[in-house]
> 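Below: one structure in structure tokens.
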Amino acid sequence: MRIKRYLARDMSEAVGLIKADLGPDAVIISSRKVRSKGLFGFFRPRRLEVTAALDEKETVPLGPKGDYPPWPEPGAAAVVRTAHESAVPTGGSGPTIVPVPEPVSELHRELTEIKGMLSRFSSGVQAGHPEVPARGTRVSGSGQRVGEDGEAFYGEWQRLLEEVEILPDLTTHLIAELRRQVDPLHIQRNDLARICLQNEIVRLVEPAYAQAAQKRIMAFVGPTGVGKTTTLAKMAAQYTLFHGKSCAIITIDTYRIGAVEQLNIYAEIMGVPLEIAMSPQDFAKAVQRHQNKEFIFVDTAGRPARNSEKVAELHSYFAVLDEPADVILVLSSNTKHRDLLRAVRHFGKVNYSKLIFTKVDETDTLGCILNMICHTGMPVIQITDGQNVPDDIQNMYPKKLAKLLTKGVEPDA
Ligand SMILES: Nc1nc2c(ncn2[C@@H]2O[C@H](COP(=O)(O)OP(=O)(O)O)[C@@H](O)[C@H]2O)c(=O)[nH]1
Ligand SMILES: [Mg+2]
């Protein structure tokens, strides 16, 4: 592993230097603003110190991580991995994002897994594993024979779904599917259960993801402190620095002292123009001024979800626009279910059409993501998992959500 430091005016200059020096497989580890040493350094503008690393053992460029990313794939690893960048069209006028096929290696892995399961199953049958009902067997309502052991198996999976705080009615539905599809006497029952639950979760949320194309203007709304500004900065940085998109940021967050300053620092590092809009008319003019940009990110003041008057005021900003915006409701995954319900209801007035969940690093109970997709019928397009800009953000799509919700689920049965 080679690690090197670079001094540059801004992040795009640093990325250029790193690409030229370490090549396309380098990754950025950290960045910070520094002053030159000595008295005169104090009067010079601050520079950006970027640390990058190159793992010299790695020769194969990483493919895209997901199989259905509706947005450019984030991740510092994408900085200079050109194979990855080419998955997302650059240049051009529209914000069309090409769906990226699942990597062949991933398909291959899944195929091998299924083959392995089948062969383990057939050898189990040959070895005389009983396909007869266990002791205490009874016939369930669906006609399936279920022994005490079978009941314990379904019960264990139910407990695990409840543990990640998937709502009771969704859990009941998932377990009913499990009962219908997976025989508890099957020797690979836990593997099959996981696949069955993942398929059913995908089936439940897929309609929410079948939406119109991504829009040019993305506005982030949501309760105070959930991470709107941080998430916006992460996305704007990903689009600008890693995918070469031309972007602008407009903030209508003028309520909180420090809110604009925070965004100003991010905008400066990215080299992206930042505008402040004090009224809906100001906002419309600012959007007009950035007609030529591929994407416009809009930050908004955190309105308390209880204050419906302030939420309605936000709507007036989007109502004056000539083109529709993607209004994205940002929610924190460590929020109580009742408060999430209140937020989705109150912010309904701004006609949001997508969700982002932040702070998934702060909780083990991610059932809220499934709960809110099912409740609103809207997709969760990103999750964020830390405070680092721009790294701690990931695309979310049905299959990934299904894996995330069942990944830690491991019954001992
Ligand atoms: N742990 C963690 N903290 C986050 C995440 N996203 C944002 N934060 C922190 O949450 C706090 C509020 O973020 P901010 O973007 O100002 O929230 P806003 O009021 O909704 O704009 C800041 O301290 C952020 O660093 C995340 O994904 N994980
Ligand atoms: Mg903010």
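Indexing begins at 1, ligand by ligand and atom by atom, following the structure's order.
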> Partners of Ser353 by side chain to side chain donor-acceptor pair (under 3.5 Å), sequence neighbours excluded?
none
> With a 4.0 Å cut-off, would you call Lys359 and Asp392 a salt bridge?
no
> Between Glu177 and Arg180, is there a side-chain N and carboxylate O pair less than 4.0 Å apart?
yes
> Non-hydrogen atoms of Val226 versus ligand 1: any pair closer than 4.0 Å?
yes
> Give yes if a backbone or side-chain nitrogen or oxygen of Lys228 is under 3.5 Å from a nitrogen or oxygen of ligand 1, and no if not.
yes
> Return a yes/no value for Thr230: is any of its N or O atoms, backbone included, closer than 3.5 angstrom to an N or O of ligand 1?
yes
> Can you list the atoms of ligand 1 that are under 4.0 Å from a heavy atom of Gln387?
2 (C), 3 (N), 4 (C), 9 (C), 23 (O), 24 (C), 25 (O)
> Would you say CG of Asp364 has more than 12 non-hydrogen atoms from neighbouring residues, nucleotides or ligands within 6.0 angstrom?
no
> Does the side chain of Val380 reach to within under 4.5 Å of the side chain of Leu401, using non-hydrogen atoms?
no
> Any idea which atoms of ligand 1 are less than 4.0 Å away from a heavy-atom of Glu362?
1 (N), 2 (C)
> Short N/O distance, under 3.5 Å, between Thr358 and ligand 1?
no
> Could you tell me if the side chain of Phe220 sits less than 4.5 Å from the side chain of Asp326, heavy atoms only?
no
> By the definition side-chain contact (heavy atoms from CB on, under 4.5 Å), identify the one residue from Glu275, Lys293, Arg216 that meets it with Val287.
Arg216
> Measuring centre to centre across the rings, with the benzene-like ring taken for any Trp, is Tyr239 within less than 6.0 Å of Phe295?
yes
> With backbone taken as N, CA, C and O and side chain as the heavy atoms from C-beta onward, which portion of Asp385 lies under 4.0 Å from ligand 1: side chain, backbone, both, or neither?
backbone
> Mind checking whether Thr231 has an N or O less than 3.5 Å away from an N or O of ligand 1?
no
> Output the list of atoms in ligand 1 that are nearer than 4.0 Å to some heavy atom of Thr229, sorted by atom number.
15 (O), 21 (O)
> Does any N, O or S atom of Thr229, backbone or side chain, fall under 2.8 Å from the Mg ion (ligand 2)?
yes
> May I ask you to check if ligand 1 and Asp392 share an N or O to N or O distance below 3.5 Å?
no
> List ligand 1 atoms under 4.0 Å from Thr384, heavy atoms only on the residue side.
26 (C), 27 (O)
> For Gly225, counting its heavy atoms only, list the atoms of ligand 1 lying under 4.0 Å from any of them.
12 (C), 17 (O), 18 (P), 19 (O), 20 (O)
> Going through the distances and angles, do Thr363 and Asn334 end up as a side-chain hydrogen bond (donor to acceptor under 3.5 Å, both in side chains)?
CA-CA 6 Å; Thr363 178; Asn334 58 16; over 6 Å; no
> Can you find an N/O atom of Gly386 closer than 3.5 Å to an N/O atom of ligand 1?
yes
> Look at atom 2 (C) of ligand 1 and find which of Val360, Asn334, Leu263, Asp361 reaches it with the closest heavy atom.
Asp361
> Can you list everything that forms a salt bridge (Lys or Arg N to Asp or Glu O under 4.0 Å) with Asp282? Sequence neighbours excluded, please.
none
